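Remarks on the structure that follows.
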Protein chains: 2
Amino acid sequence: MLSKKSQYAFKALAYLAERYNQGPVLISEISAKKKVPLKFLENILLELKKADILESKKGKGGGYYLKKDPAQVKVVTIVRLVNGPVAMLPCVSLNFYKRCDNCDELSCGLHDIMKQVRDATLDVLENKTLVDLLQMK
Amino acid sequence: MLSKKSQYAFKALAYLAERYNQGPVLISEISAKKKVPLKFLENILLELKKADILESKKGKGGGYYLKKDPAQVKVVTIVRLVNGPVAMLPCVSLNFYKRCDNCDELSCGLHDIMKQVRDATLDVLENKTLVDLLQMK
DNA sequence: AAATAGTCCACAAAGTTGGTGGGATAGCTG
DNA sequence: CAGCTATCCCACCAACTTTGTGGACTATTT
């Protein structure tokens, strides 16, 4: 499951994507409009900035804004950054790989199943961007 | 990510699947062969019994054994039972549904994306059984 | 200089995870 | 029945993660 932090990150990013190229947005505005605890959001946005997703400006007229076009920012990037591994097992993770104890990957049936799950998941997440966050049905 | 508990559950189930219809197996044997902490495993197996996956016998010659044919036990059932929701958001979970706060499901882009992820995941997990845990490559 | 708004650090309550200890209970065997 | 065996059950615990909060600091604008 996605953490609250991840859900907050997506809410904030959706808000910023709607306002892409319209100048900086205040943390306090995002917090109020998206109902995300101000100080918690502060940490999240800072993290997204350090990861090169967002840019910020201090002082009057400052705030946060998207560094790249929303269509260029993949959902999977945000998930990995804020939430962690996409895979359900460390031994099938592409970005957070860690071998399992006492489990031979070649002969482990679970390994193979979870690799299929990973690929199916990535098939979706790799092809979604921040623009898809705004899509109405 | 799957919890240790879930991984232990799958190890134990794989072991029992190999020995289907060969009588009860001791917790201590599974613990030793699969390197799972004995007492922890005890809890896990008991839970699987209460969920009607396993059956047990007390006293000499006792132990645990699969209640149904391994081919009839879906991996997704075990995941939900031991690990929890398959979906990445409560609001797209089939078995653990909970609506999100401040998020209209019809207009929430994340909701839609995560529903696609859920379906892709289920497509794999619904079609795997304990038999697949034993498959060599 | 004053006001504004992000940056950074430290801490803390609550919940989850992973695991242990010890006794109760049920079944089998002589 | 006595005694062994093996599961059942409850209670607890340490460590870690999650979800925050508080307060001071820094950079920018007016």
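This is a predicted model, so every value here is computed, not measured. Protein chains get the first letters and strands the later ones, always in sequence-line order, with residue 1 at the start of each.
If you take CG of L26(B) and P of dC28(C), they are 14 Å apart, rounded to a whole angstrom. Distance E29(B) CD to dT5(D) P: 17 Å, rounded to the nearest Å. For the pair K60(A) NZ and dT30(D) P, the interatomic distance rounds to 7 Å; values are reported in whole Å. Counting to the nearest Å, the P atom of dC16(D) and the CE atom of M1(B) are 17 Å from each other. Straight-line distance from the NZ atom of K57(A) to the P atom of dG6(C): 11 Å, rounded to whole Å. If you measure from atom NZ of K5(A) to atom C1' of dG15(C), you get 17 Å, rounded to the nearest angstrom.
The stretch residues 38-55 of chain A touches DNA chain D through K39(A), F40(A), N43(A), each having a heavy atom under 4.0 angstrom from the strand.
M114(A) has its side chain within reach of L125(B): a pair of non-hydrogen atoms, C-beta onward, lies under 4.5 Å apart.
No side-chain donor-acceptor contact under 3.5 Å links S56(A) to the backbone of G63(A). A distance-only check finds no donor-acceptor pair linking the side chain of D112(A) to the backbone of G109(A) [under 3.5 Å]. Put simply, the side chain of Y20(A) gets close to the backbone of D69(A): a donor and an acceptor are under 3.5 Å apart.
The closest side-chain donor-acceptor pair between S6(A) and S3(A) falls under 3.5 angstrom.
Judged by closest nucleotide on DNA chain D, K58(B) is the one of K58(B) and K4(A) placed further toward the 5' end.
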Test salt bridge (charged side-chain N to carboxylate O under 4.0 Å, His left out) applied to K50(B) and E47(B), step by step: CA-CA 5 Å; K50(B) 286 180 180 163; E47(B) 200 176 325; over 6 Å; no

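Here Y8(B) does not reach the OP1 or OP2 of dG18(C): none of its side-chain N or O atoms lies under 4.0 Å away.
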